[in-house]
Amino acid sequence: MKTMQLREAKASLSALVEAAENGEPTVITKHGKPAVMVVPIGEGRKLYPQNSQKDFVDFLLRYPGGIELERNESPSWEVEF
């Protein structure tokens, strides 16, 4: 795995993207400390699935015993005009 400073990464962004496309992650440091990592899209999607909201809805629908919600129809506050 490569490591480079932020300044270098700015100058060689195309090379970083190409390396990530080829499966090679790169750590970018800021002030000498690891700050971020450029990884292939497949690896990133494992950490941050795109359909997380849909997955949550599916979870609620499959919840054993169902979920009953009550709605309080009264206004939250009164507004005078």
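Every heavy atom of this structure was used, including side-chain atoms; hydrogens, water molecules and symmetry mates were not.
Partners of Glu18 according to the salt bridge (charged side-chain N to carboxylate O under 4.0 Å, His left out) rule, which considers only residues two or more places apart in sequence or in another chain, do not exist here. Listed by chain and number, the residues in a side-chain hydrogen bond (donor to acceptor under 3.5 Å, both in side chains) with Asn22 amount to none (sequence neighbours excluded). Contacts of Ala19 classified as side chain to side chain contact (heavy atoms under 4.5 Å, CB included), with partners at least two apart in sequence or in another chain: Lys2, Glu24. Residues that satisfy the salt bridge (charged side-chain N to carboxylate O under 4.0 Å, His left out) test with Lys33, not counting sequence neighbours, are absent from this structure. By the side-chain hydrogen bond (donor to acceptor under 3.5 Å, both in side chains) test, Arg7 is found to be paired with Gln5, residues two or more places apart in sequence or in another chain being considered. Listed by chain and residue number, nothing satisfies the side-chain hydrogen bond (donor to acceptor under 3.5 Å, both in side chains) test with Ser14 (two or more places apart in sequence, or in another chain). Remark: Val36 engages Ile28 in a side chain to side chain contact (heavy atoms under 4.5 Å, CB included) (not counting sequence neighbours).
For the residue pair Ser12 and Met4, the shortest heavy atom distance occurs at OG-SD, 3.8 Å. For the residue pair Val38 and Ala20, the shortest heavy atom distance occurs at CG1-CB, 3.9 Å. Scanning all heavy atoms of the two residues, the minimum distance from Gly23 to Pro40 falls at CA-CG, 3.6 Å.
Note that CG of Leu16 and CE of Met37 are 12.5 Å apart. Values are rounded to the nearest 0.5 Å.
Here salt bridge (charged side-chain N to carboxylate O under 4.0 Å, His left out) pairs that include residues 35-45, with residues two or more places apart or in two chains, are Glu43-Lys46.
Other cluster members for Ile41: none, since no ILVMFWY side-chain heavy atom sits under 4.5 Å from it.
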